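Here's the structure, in structure tokens; my notes come after.
Just so it is clear, the model here is predicted, and its values are computed rather than measured. Here is the naming used below: chain letters follow the sequence lines, and residue numbers restart at 1 for every chain.
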Amino acid sequence: MIMKYNFNEIEAKWQKYWAKNQTFKAENKSDKPKFYVLDMFPYPSGAGLHVGHPLGYIASDIYARYKRHQGFNVLHPQGYDSFGLPAEQYAIQTGQHPAITTKENIATYRRQLDQIGFSFDWSREVRTSDPSYYKWTQWIFIQLFNSWFNNDTNKAEDISELETIFATEGNGTINAVCDDNIESFSAEEWNGFSSKKKQKILLQYRLTYLAETEVNWCPALGTVLANDEIVNGVSERGGHSVIRKKMTQWSMRISAYAERLLQGLETIDWTDSLKESQRNWIGKSVGASVTFKVKESDAVIDVFTTRPDTIFGVSFMTLAPEHKLVSQITTPEQKADVDVYVLATAKRSERDRMADVKTISGAFTGAYAEHPFTKEPIPIWIGDYVLAGYGTGAVMSVPCGDERDYAFANYFNIPIPNIFDGVDISEEAFSDKEKTVIGNSDFLNGMNYKKATKRAIYELEQIGQGEGKTNYRLRDAVFSRQRYWGEPFPVYYVDGMPQMIAAEHLPIKLPEVEKYLPTETGEPPLGNAIVWAWNTKTNEVVSNDLIDEKTVFPLELNTMPGWAGSSFYFNRYMDPDNQNEIASKDAMDYWKDVDLYIGGSEHATGHLLYSRFWQKFLFDKGVVPVNEYAKKLINQGMILGTSAFVYREEGSNTYLSAGLIEDKKVQPLHVKVKYVNASDELDIEGLKSDGEFGEDYKDAEFILEDGVYKVGRDVEKMSKSKYNVVNPDDIVSDYGADSLRLYEMFLGPLEQYKPWNTAGITGVHNFLKKLWKLYADDNGLKVTDAAPTKDNLKTLHKTIKKVQEDIENFSFNTSVSTFMIAANELTAQKCSSKDILEPLLVLISPYAPHIAEELWSQLGNIESISTAPFPEFDASHLVESSKNYPISFNGKMRFTMELPLDMSKDAIEAAVLANEKTQEQLAGRTPKKVIVVPGKIVNIVG
RNA sequence: GCUGAAGUGGUGGAAUUGGUAGACACGUUGGACUUAAAAUCCAAUGUCCAUUAGGACGUACGGGUUCAAGUCCCGUCUUCAGUACCA
């Protein structure tokens with residue numbers, strides 16, 4: 001029997017036990033109710049885990065273990081989001097295949113995760129880069145290709161149904177989400193179209209489609225850059241020039257689901273801030289589309305406005321400089337001006353344009369539009385405050401009601417007619433919808449915002465120049481990446497038109513390449529593959545040499561983005577080895593959805609939006625049983641590092657202790673946090689013998705204060721360059737996994753950002769030692785069959801109640817202090833009763849499972865503690881007969897008095913007033929009022 | 001600018017419904033044990049005044065409601081996160 005709390009030995013023993021006995025393997029069938037606890041799976045980076053990473057995993061593990069104690073069949077899986085850029089970049093630098101890098105990194109992650117003692121069901125592990133997994137990513141892509149979105153039924157439907165409708169009715173009756181430049185055709189015309197033309201038209205309706213997209217192309221790096229990778233018009237990395245280039249890329253028609261993604265938020269228990277982010281991202285605005293005729297031209301300008309009620313206030317129109325009508329309508333006299341302006345805006349990056357909000361610029365096209373009602377001419381301008389990518393890229397400008405229009409009109413001396421009753425607009429625009437009373441506006445006069453809007457839309461419909469419209473900010477998502485280490489598309493091209501490979505031939509495995517860089521002709525890395533063509537006869541990937549455009553065709557060279565594989569993994573965990581489906585119907589009907597999802601808030605508008613989109617699509621197709629996949633979601637905060645600094649006196653090799661700086665010129669330098677103790681004292685010898693930096697400090701002189709060198713401290717993000725990264729491996733070996741788990745929870749509320757400071761871990765570590773001592777000492781096990789005392793029972797049940805409430809409220813930090821209080825009290829009570837100490841282990845087991853298992857088995861239990869029932873709270877043990885009342889005077893507590901709880905209000909008042917301390921406080925005054933709240937407080941006023 | 005979250009001792013934080021502000025820890029100080037250190041144990045620890053008794057002040061700031069406010073209301077400031085010329 002182990003008598004000392006030898007945590008390293010105990011933790012290794014139980015981790016081995018759990019693995020061997022598959023303690024946490026979840027079955028897809030059970031008499032127990034199900035509970036699905038999910039973590040956002042990690043990208044296995046080369047740096048391994050630091051202490052910040054497991055925070056969310058520890059929280060979800062506590063919850064999963066708690067649910068097992070409560071009798072649930074718990075699914076708690078883990079896997080890897082293992083496609084991604086770092087492994088590819090490493091491949092470019094070293095030539096090592098990303099698959100090898102990934103495999104190594106996963107091994108490190110697994111080792112690190114295992115030693116923290118998570119109750120993951122590793123039999124269900126998934127890796128997005130594994131062909132048996134991405135087979136299903138490719139499969140979903142094919143389903144999206146074969147679907148269109150029917151606005152009438154508000155769901156995705158099979159593309160073959162659309163073809164049937166085209167063949168019988170043409171596209172006049174279809175209410176679909178599609179590209180906006182669709183030609184209309186009759187059934188007869190459709191049937192006469194060539195196959196290629198039919199394919200082109202269908203592509204405009206499919207939920208994933210090819211589109212020309214403008215990208216930031218960096219020829220020197222041979223890659224597409226994201227907006228934030230460009231600084232001052234050149235690449236952040238290397239400073240190479242960047243051009244806007246049109247590329248044909250796959251897109252996902254997520255905009256079809258905008259309304260359902262918005263509505264769905266009402267049905268799920270996610271944090272308000274996260275839902276708000278998604279709402280903003282979807283950006284719904286309700287208004288009208290209005291058509292303006294261009295004078296002396298057959299062109300028309302469509303605009304979207306949220307204020308159709310202000311239609312009579314329009315005094316000019318503004319087009320985005322990129323608007324396709326600009327060149328068509330500009331008059332010869334204005335052409336030079338307009339060309340200069342268009343060129344100037346094209347040169348500015350999108351980011352520059354967005355950042356520079358204050359500068360007003362624009363140009364007059366010389367053309368005029370016609371007001372739909374007054375028929376007055378309206379000058380048409382171009383200006384870069386109008387964005388080509390939102391709405392129609394054109395606005396009707398109402399300077400009296402919109403700040404930007406007002407500023408623009410002011411700058412270019414355009415008239416600002418006032419159409420608001422009783423409002424002064426000489427200084428600024430008036431945009432308060434609620435207080436609006438329309439004037440000067442013909443049939444809208446005297447109406448408020450709501451009424452006028454309705455009427456304006458009605459009148460526009462009457463003359464066929466507008467209608468009510470809802471606009472969304474949400475853009476379709478580009479789905480092509482010019483990368484190697486991602487899912488290949490199951491797509492080949494015949495005569496330039498994309499064709500899907502039949503599902504039974506999946507997965508299409510990533511080909512081998514010589515080089516992971518783009519080709520010299522600017523093609524994506526897969527362009528380097530020499531075996532990357534599709535043979536439609538044999539249905540296999542064959543050498544490019546065989547391409548004959550008859551039976552052998554070229555395959556797609558792009559790969560899918562990072563979010564593809566992470567958009568359905570939660571479903572795959574339900575049945576991860578299934579060869580025929582994402583998961584069997586039985587498995588999905590059993591597990592249905594995630595009951596608790598824990599992860600970072602940085603995925604608010606990425607992963608968490610895309611995955612909801614795919615889930616809704618798969619729901620429409622009958623693949624998954626629920627519309628939303630995660631009932632509840634919690635964001636864990638980040639653990640920050642506590643950096644340490646030494647201060648070098650400028651121009652010398654002398655370092656001043658933090659307290660000695662005063663007004664001397666010093667340069668703060670980061671030092672490794674491991675050389676600093678709990679009192680901020682530096683281990684100078686340690687620093688000088690450091691393998692990496694020892695040389696730098698070898699001859700340095702350290703000026704001490706009170707015999708020690710004190711470092712400066714600051715809270716920063718954990719990062720290698722700040723030398724404040726703490727590796728969980730070190731914590732586990734020095735203090736044990738249970739201490740790490742408890743400490744991460746003890747640091748503060750789960751959602752909050754908080755600094756890590758290794759020094760504080762001794763607090764929870766001492767608690768575990770103290771706990772151990774309740775059960776065993778040098779003479780062996782101390783636990784007896786003695787009957788528990790009243791105090792023992794009170795402590796236990798108080799703890800049961802608090803811990804249960806805490807777990808259900810995700811307030812894990814306060815449970816840890818509750819455990820400490822319980823251990824302190826039971827130690828003081830010299831409790832040795834098994835009736836108390838055994839159930840206490842179950843309470844602690846979710847938090848500190850190793851020590852709980854060990855003591856549990858030492859108490860004679862054969863089975864693992866993991867499914868032992870959670871102790872039941874009995875309120876009768878907490879019933880008190882008296883209360884130590886705080887007695888306050890004018891709200892200030894002065895002393896306390898022990899009084900029976902069953903005492904009446906009047907009796908309490910009498911007892912308190914009779915007390916000599918009360919008389920002392922009153923000093924002869926007569927109290928005006930005495931407030932008695934039985935069981936709580938007594939307050940004397942006067 | 002907008003949206004969301006948050007400001008409490010030297011530090012991390014607690015106070016779930018308005019009812020003893022600072023639980024539980026870290027750190028600090030003093031003490032015990034020890035040749036010594038570590039470990040362990042005990043005590044004190046919001047600030048200020050006071051020898052004690054006790055008192056004043058105190059939850060970012062300014063007001064208010066209430067017998068009673070960290071908690072509710074109004075206004076201001078600061079920090080963090082997200083987002084942004086969205087018509």
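- Within the 4.0 Å cut-off from OP1 or OP2 of rC86(B), at least one side-chain nitrogen or oxygen of Arg404(A) is found.
- Comparing atom distances between the Asn824(A) side chain and each of rA25(B), rG4(B), rA56(B) picks out rA25(B) as nearest.
- The separation between Leu319(A) atom CG and rA87(B) atom C1' is 13 Å, rounded to whole Å.
- rG22(B) and rU59(B) are spaced 14 Å apart, taking the P atom of each and rounding to whole Å.
- A gap of 15 Å separates the P atoms of rU16(B) and rA23(B), to the nearest Å.
- At the phosphate of rU66(B), neither OP1 nor OP2 sits under 4.0 Å from any side-chain N or O atom of Asn939(A).
- Taking atom CG of Leu640(A) as the reference point, atom P of rU79(B) lies 17 Å away to the nearest angstrom.
- Between Glu681(A) and Tyr709(A) the shortest side-chain heavy-atom distance does not fall below 4.5 Å.
- Regarding Ile937(A), its CD1 atom lies at a distance of 12 Å from the C1' atom of rA21(B), rounded to whole Å.
- Checking rA87(B), rG19(B), rU40(B) against the side-chain heavy atoms of Val386(A) singles out rA87(B) as nearest.
- Ring to ring, Tyr735(A) and Tyr743(A) are not that close: their centroids are 6.0 angstrom or more apart.
- If you take atom C1' in rU71(B) and the same atom in rU20(B), they sit 15 Å apart, rounded to whole Å.
- Of all nucleotides present, only rG31(B) satisfies the Watson-Crick or G-U wobble test against rC41(B), with each distance under 3.5 Å.
- With sequence neighbours excluded, no residue forms a ring pair (Phe, Tyr, Trp, His ring centres under 6.0 Å) with Phe746(A).
- Under the ring pair (Phe, Tyr, Trp, His ring centres under 6.0 Å) criterion, Phe645(A) pairs with His670(A), not counting sequence neighbours.
- Base pairing analysis places rA23(B) opposite nothing; no Watson-Crick or G-U wobble pair with both distances below 3.5 Å involves it.
- Residues Val930(A) and Val912(A) are not in side-chain contact: their nearest non-hydrogen atoms beyond the backbone lie 4.5 Å or more apart.
- When the nucleotides rC86(B), rC24(B), rU20(B) are ranked by their closest atom to the side chain of Lys883(A), rU20(B) comes out on top.
- Qualifying side-chain hydrogen bond (donor to acceptor under 3.5 Å, both in side chains) partners for Lys782(A), counting only residues two or more places apart in sequence or in other chains: none.
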Discussion item. Walk along nucleotides 11-17 of chain B from 5' to 3' and tag each nucleotide B, S or - by protein heavy-atom contact under 4.0 Å, base first, then sugar-phosphate.
Written reply: -BSS-B-
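- Comparing atom distances between the Ile931(A) side chain and each of rG4(B), rC67(B), rA87(B) picks out rC67(B) as nearest.
- Of the candidates rU20(B), rA25(B), rA87(B), the closest approach to any side-chain atom of Tyr390(A) belongs to rA87(B).
- Considering only the side chain of Thr762(A), rG27(B) comes nearest among rG27(B), rC85(B), rU40(B).
- Rounding to whole angstrom units, CE of residue Met638(A) and C1' of rG82(B) are separated by 13 Å.
- Separating the P atom of rU17(B) from that of rG12(B) is a span of 24 Å, rounded to the nearest Å.
- Contacts classified as side chain to side chain donor-acceptor pair (under 3.5 Å) and involving residues 932-942 of chain A (residues at least two apart or in different chains) are given here: Ser888(A)-Asn939(A).
- Lys892(A) has no side-chain polar atom (N or O) that falls below the 4.0 Å cut-off from OP1 or OP2 of rA68(B).
- When the nucleotides rA87(B), rU40(B), rC86(B) are ranked by their closest atom to the side chain of Asn766(A), rU40(B) comes out on top.
- In this structure, Ser679(A) reaches the rU28(B) phosphate: one of its side-chain N or O atoms is under 4.0 Å from OP1 or OP2.
- Closest to the side chain of Met893(A), from the set rA87(B), rU40(B), rU20(B), is rU20(B).
- Between Phe812(A) atom CZ and rC24(B) atom C1' the separation is 18 Å, expressed in whole Å.
- Taking the nucleotide of RNA chain B with the nearest heavy atom to each of Ser277(A) and Ile940(A), the more 5' of the two is matched to Ile940(A).
- rG9(B) sits 15 Å from rA44(B) when the C1' atoms are compared, rounded to a whole Å.
- Taking the six-membered ring where the residue is Trp, Tyr390(A) and Phe304(A) present perpendicular rings, their angle passing 60° and hence far from 30°.
- Residue whose closest nucleotide on RNA chain B sits further toward the 5' end, between Glu681(A) and Asn280(A): Asn280(A).
- On the P atoms, rC72(B) is 30 Å away from rG55(B), given to the nearest whole Å.
- Counting any heavy atom pair closer than 4.0 Å across all strands shown, Arg475(A) reaches no nucleic acid atom.
- Taking atom CD of residue Gln278(A) and atom C1' of nucleotide rU83(B), one finds them 14 Å apart after rounding to whole Å.
- Applying the ring pair (Phe, Tyr, Trp, His ring centres under 6.0 Å) test to Phe819(A) and every residue at least two apart in sequence or in another chain returns Tyr847(A).
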